[in-house]
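Single-structure report; data block below.
The chains referred to below are lettered A, B, ... by the order of the sequence lines, with proteins before strands, and numbering in each begins at 1. When reading the values below, keep in mind they use all heavy atoms of this one structure, side chains included, and skip hydrogens, waters and symmetry mates.
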There are 2 protein chains.
Amino acid sequence: MKKEITQLQQKMAEMSIDYYLVPTSDYHHSEYISNYFKCREYLSGFTGSAGTLLVSQTQAWLWADGRYHIQAQQELTGTGIHLMKDGLTGVPTLSDFLKECMETGQTLGFDGRLYTSGFISGLKRKLSAKQILFVYDKDLVQEIWKDRPKLVAEPVYVYPERYAGTTVSEKIAAYRDYLMKYQADCQLLTSLTDIAWLFNLRGHDVACTPVFLSYAFLSLKEVILFIQEGVLTQEAKEYLQNNGIETRDYHSFYDFVKSIEHVRMLVDYSDLNYCCYQSLSDTNTLLRAAKYTTSAKIIKNDTEIEHTRACHLRDGVYMTKFMYWLKNTIRKRSLSELEAAAYIDQLRLSDDLALDLSFETISAYGKNAAIVHYRPSAESNTVVEAKGMLLVDSGGHYLDGTTDITRTFILGPITEEEKLCYTTTCRSMLHLANAKFLTGCRGSNLDCLAREPMWELGIDFLHGTGHGVGHVLSVHEGPNNFRFRVNSGNLDAVLLPGMITTDEPGIYQAEKFGIRIENELLCKKWKQNQYGQFLEFEYLTYAPIDLDGIEPDLMNEQEKQWLNDYHKKVYEKISPYLSKDERKWLKEYTREI
Amino acid sequence: MKKEITQLQQKMAEMSIDYYLVPTSDYHHSEYISNYFKCREYLSGFTGSAGTLLVSQTQAWLWADGRYHIQAQQELTGTGIHLMKDGLTGVPTLSDFLKECMETGQTLGFDGRLYTSGFISGLKRKLSAKQILFVYDKDLVQEIWKDRPKLVAEPVYVYPERYAGTTVSEKIAAYRDYLMKYQADCQLLTSLTDIAWLFNLRGHDVACTPVFLSYAFLSLKEVILFIQEGVLTQEAKEYLQNNGIETRDYHSFYDFVKSIEHVRMLVDYSDLNYCCYQSLSDTNTLLRAAKYTTSAKIIKNDTEIEHTRACHLRDGVYMTKFMYWLKNTIRKRSLSELEAAAYIDQLRLSDDLALDLSFETISAYGKNAAIVHYRPSAESNTVVEAKGMLLVDSGGHYLDGTTDITRTFILGPITEEEKLCYTTTCRSMLHLANAKFLTGCRGSNLDCLAREPMWELGIDFLHGTGHGVGHVLSVHEGPNNFRFRVNSGNLDAVLLPGMITTDEPGIYQAEKFGIRIENELLCKKWKQNQYGQFLEFEYLTYAPIDLDGIEPDLMNEQEKQWLNDYHKKVYEKISPYLSKDERKWLKEYTREI
């Protein structure tokens with residue numbers, strides 16, 4: 001057994017813990033975790049972005065999802081850890097496995113800050129017959145990880161009102177109205193994007209997400225921000241003071257939570273971490289409700305929308321310049337996936353308002369593109385040649401907004417099948433983007449507009465059609481999205497004007513090719529009449545869709561019109577920012593079909 | 001104040017009841033109620049099929065939905081009852097009204113058999129701050145309604161296995177497996193369609209629904225059917241005995257419920273009536289779960305499907321003969337809505353296997369068709385002439401299956417707008433019917449396929465696109481359906497092979513015209529591949545869609561193909577059962593466009 005696991009098992013034995021869980025998470029359930037939180041990777045050696053390690057006093061198992069079955073198999077070789085290929089028939093889920101293996105009266109340990117209270121409640125229900133003791137206040141990894149990295153503590157700065165559109169005092173006032181609606185006194189916030197949005201502050205503690213490690217407490221009387229010492233800029237300090245916001249040390253949060261008594265508190269169990277929940281005194285009344293921030297931050301205000309349009313325009317210019325470079329370079333020489341990624345990345349990061357990439361660029365050539373979450377690395381870095389297709393999914397955080405765009409580029413001859421799939425993917429994207437719909441629709445009502453052109457061919461893409469996009473927060477933001485598999489526990493939001501959602505259907509043929517085309521859509525008002533308020537989408541993304549992949553005979557007149565209208569706008573918006581050669585080329589690549 | 005209300009108020013005063021609720025319901029929450037249960041109508045004089053009467057010691061209010069605002073206004077004139085136009089802005093819901101008006105510590109009375117426990121729980125939560133006393137065991141109307149009709153008690157007969165496809169013992173065994181899955185001992189059944197399905201019995205106690213008044217108790221050891229005395233046919237008596245099913249008197253049910261002790265019982269709060277729920281002893285453990293029957297009866301077995309196809313074929317012949325008669329008669333003379341309804345009704349009821357209509361036929365001419373729930377009556381019975389359109393929504397219960405079909409017939413010249421709306425309605429029906437989709441889809445995922453052709457024009461039909469259809473039970477059966485307004489509490493079922501759902505979009509222009517085209521769709525398997533099991537629909541309904549309303553230039557090639565394919569099958573299936581003249585006419589009316 002890998003020595004780190006053996007060390008953990010010794011600690012477990014000392015504390016009489018029979019099973020210990022190590023998820024991939026931080027205290028805030030962020031999408032990306034910093035090195036301090038990479039306990040599962042430290043213990044197991046598995047470097048994927050998701051997975052859960054379970055350790056008993058004699059064995060260890062790692063659950064990894066379909067993206068990582070192959071990688072985990074390789075990385076776990078020789079560690080003595082059993083790989084559990086999540087999602088495969090016959091492989092039990094973690095909770096089913098625990099239900100099966102744990103004996104009555106045994107002890108299950110974990111760091112309660114790494115799990116939501118909702119998840120642990122579910123697990124408790126599942127294991128109820130076994131009378132399991134849950135030990136949640138032990139970070140055993142801390143005790144064995146000698147050279148554990150420090151918590152990241154980057155500067156935290158004020159996000160200017162001219163980009164945010166709404167002041168912190170307006171947001172706090174609205175939050176208090178929300179509390180009063182529920183006759184509640186207060187709510188705890190642990191989500192970093194919620195806190196960054198609410199306080200109009202930004203930082204750089206999480207990869208590709210301009211947020212900072214923090215907790216917050218908001219009541220009808222006070223607002224307290226728990227933040228690491230020394231990270232606030234002078235301006236941010238004064239700003240918080242001027243807005244009556246108290247700051248306390250990040251590490252004092254759980255003691256503070258224990259001290260809260262006799263209040264009516266709103267609790268979002270899908271968000272609040274279990275340790276926080278357990279720290280709450282019985283004298284409080286807990287009222288189940290989503291956080292105000294969840295529903296408020298997904299409706300972009302007019303200022304945010306105006307800036308988002310502006311940053312998408314610049315982003316579209318970079319994508320267009322990249323496409324021009326790529327299509328011209330590949331005719332002369334081969335390049336690599338990483339070189340292509342570096343080219344678009346440097347275009348974005350050279351922008352005056354650039355903050356960061358909004359996620360690590362996916363640059364996937366040929367059959368690599370069939371792996372939906374593929375990222376090129378020094379090892380995999382495939383040579384890109386003048387044939388087949390290159391899929392590039394990328395985006396940026398700018399001070400004025402966040403972008404996410406996918407284009408699949410035709411680099412040379414492609415097969416009839418590839419052309420059919422490319423054209424169908426384009427049709428799928430267009431069908432959803434051109435929907436008109438009544439207020440009340442959710443993304444799950446509209447998702448099939450994108451899937452139907454593929455389903456008619458017996459093809460599906462096995463991922464969501466789109467996700468919400470945060471405003472200089474996380475590029476993945478819920479609960480607005482496009483997907484069809486919903487249940488009563490995970491319904492997507494009703495679509496409302498001001499929401500931004502991606503539209504990114506794709507077709508993936510294992511070992512052959514992968515195609516995805518992604519535009520961001522802004523939801524806005526259309527007609528209002530006796531039937532109600534109709535809504536529609538506005539494209540935020542403007543960059544050519546490679547016509548070399550399009551077979552016009554496979555599209556009906558309406559679909560051709562949709563594509564031509566889009567390309568006309570692409571030319572109008574993007575061409576003023578191009579060189580003469582680029583402009584001439586763009587004219588050709590946005591021609592009517 | 002109307003004298004019946006005054007009498008009720010006297011009873012309320014005697015019993016210290018401050019407010020008394022009279023809903024439109026029976027003890028089983030049936031879709032239609034028999035005369036015995038028409039308490040709201042008796043007290044208020046309002047004859048609509050839905051609405052709730054609330055009486056205080058000095059006043060009375062009636063909530064009626066949009067279908068009945070005008071009718072209720074007329075019928076309540078002079079009664080002293082305030083009309084609450086449900087759905088209009090500014091009109092409080094019943095529960096909001098009670099929360100506003102009732103004073104702390106007051107008493108609210110109602111017959112607890114007429115409300116689900118789920119509804120009353122919701123009301124209790126709403127009124128929790130007021131400490132309201134709920135008196136649920138008083139049927140005050142019984143005490144003042146001197147000539148109250150008797151409970152209907154029609155003969156109850158065995159529904160033959162050759163039509164049911166599954167025996168009662170197989171169904172009971174499956175129900176017991178279901179109980180064991182939840183580690184439960186038993187469940188109470190109060191829904192008449194559930195009981196009729198489970199026991200393979202049918203009756204005639206509820207209009208247009210071949211069911212019978214009953215309750216049932218099903219445990220791992222025993223099965224008891226509570227049924228009115230003397231209604232079982234000799235065959236049914238022996239059948240129940242042979243299957244080990246005990247029968248008891250319908251009226252002894254609540255005493256029986258009180259006697260159940262120390263069991264683990266599954267409870268479906270959206271179904272179990274409040275009186276029943278309140279009668280349960282505290283020694284029982286209640287486990288929240290839907291009834292087995294709910295999910296089982298919506299998946300039609302192969303026998304039911306085969307018979308359903310057969311009855312739809314005959315039903316399609318009747319509709320086609322009706323259309324021939326209608327289109328030919330109207331050229332010679334005018335007729336009335338009722339005459340048209342009577343003509344199709346007698347065609348259906350002359351069928352050898354006919355049991356009943358599956359609902360009262362809607363025959364709505366011209367602007368009457370814009371009223372979605374319009375039914376012709378002796379007063380409204382409009383003259384039908386050789387112009388405009390007649391909408392006929394009708395169906396039958398046959399021993400071998402249930403049908404529901406809507407056609408809108410062109411009787412003479414129609415406007416361009418009408419042609420646009422007719423063609424669009426047809427396109428909407430076709431788009432949904434021709435969907436291909438992955439297992440996991442719900443009706444709410446597909447609903448927009450029907451709406452999108454209308455939404456593109458800024459039109460909606462403000463009702464569901466379709467409902468599940470019971471097999472010789474209720475023509476409206478859930479929880480499979482097509483609609484887009486869902487929330488976590490009312491999600492529709494995941495579509496599965498064997499489900500039957502109607503596809504009935506429409507366009508309604510107030511004071512002008514109404515169009516609806518309805519086919520029933522059977523869900524069945526299509527391709528299976530690496531993406532999963534795809535599903536598709538099969539038409540059950542075969543009758544021409546009036547080509548006089550179709551403008552081919554408004555349809556794309558695929559849509560025309562869909563319509564031509566459908567009409568080709570209509571001719572193939574229906575023409576063998578027609579006279580020579582009818583057949584010649586059908587050839588023309590199923591021609592390719």
Tell me whether the count of non-hydrogen atoms from other residues, nucleotides or ligands lying under 6.0 Å of CD1 in A:I70 goes above 12.
no

When you look at CD of B:Q183, are more than 12 heavy atoms from neighbouring residues, nucleotides or ligands closer to it than 6.0 Å?
no

Non-hydrogen contacts under 4.5 angstrom with chain B: give the residues of residues 437-450 of chain A involved, or none if there are none.
A:F437, A:L438, A:T439, A:G440, A:C441, A:R442, A:S444, A:N445, A:L446, A:C448, A:L449

With a 4.5 angstrom heavy-atom cut-off, could you sort out which part of A:N490 is near chain B: side chain, backbone, both or neither?
neither

Using non-hydrogen atoms only, which part of A:I459 is less than 4.5 Å away from chain B: side chain, backbone, both, or neither?
both

Side chain, backbone, both or neither: which part of A:V494 has an atom under 4.5 Å from a heavy atom of chain B?
neither

Specify the closest pair of heavy atoms between A:W526 and B:W455, including all atoms of both residues, with the distance to one decimal.
CZ3-O, 3.1 Å

Take atom CD1 of B:I593 as the centre, draw a 6.0 Å sphere, and report whether it contains more than 12 heavy atoms from other residues, nucleotides or ligands.
yes

Toward chain B, the part of A:Y508 with a non-hydrogen atom under 4.5 Å:
backbone

Measuring from atom OH of A:Y531 to atom CD1 of B:I507, what distance do you get when rounded to the nearest 0.5 angstrom?
7.0 Å

Looking at B:Q558, B:E456, B:K527, which has the largest count of heavy-atom pairs under 4.5 Å with chain A?
B:E456

Heavy atoms from other residues, nucleotides or ligands near NZ of B:K130 exceed 12 (cutoff 6.0 Å):
yes

Test side chain to side chain contact (heavy atoms under 4.5 Å, CB included) applied to A:Q509 and B:Q530, step by step
CA-CA 10 Å; A:Q509 301 281 12; B:Q530 71 266 40; 4.2 Å; yes

I'd like to know which of A:A435, A:G532, A:A510 tops the heavy-atom pair count under 4.5 Å against chain B.
A:A435

Step through the shown structure and confirm whether more than 12 heavy atoms of other residues, nucleotides or ligands are within 6.0 Å of NZ on A:K560.
yes

Top contributor to chain B interface from A:N487, A:N556, A:N434 [non-hydrogen pairs under 4.5 Å]
A:N487

Given a strict heavy-atom distance threshold of 4.5 Å, which part of A:F484 is in contact with chain B: side chain, backbone, both, or neither?
both

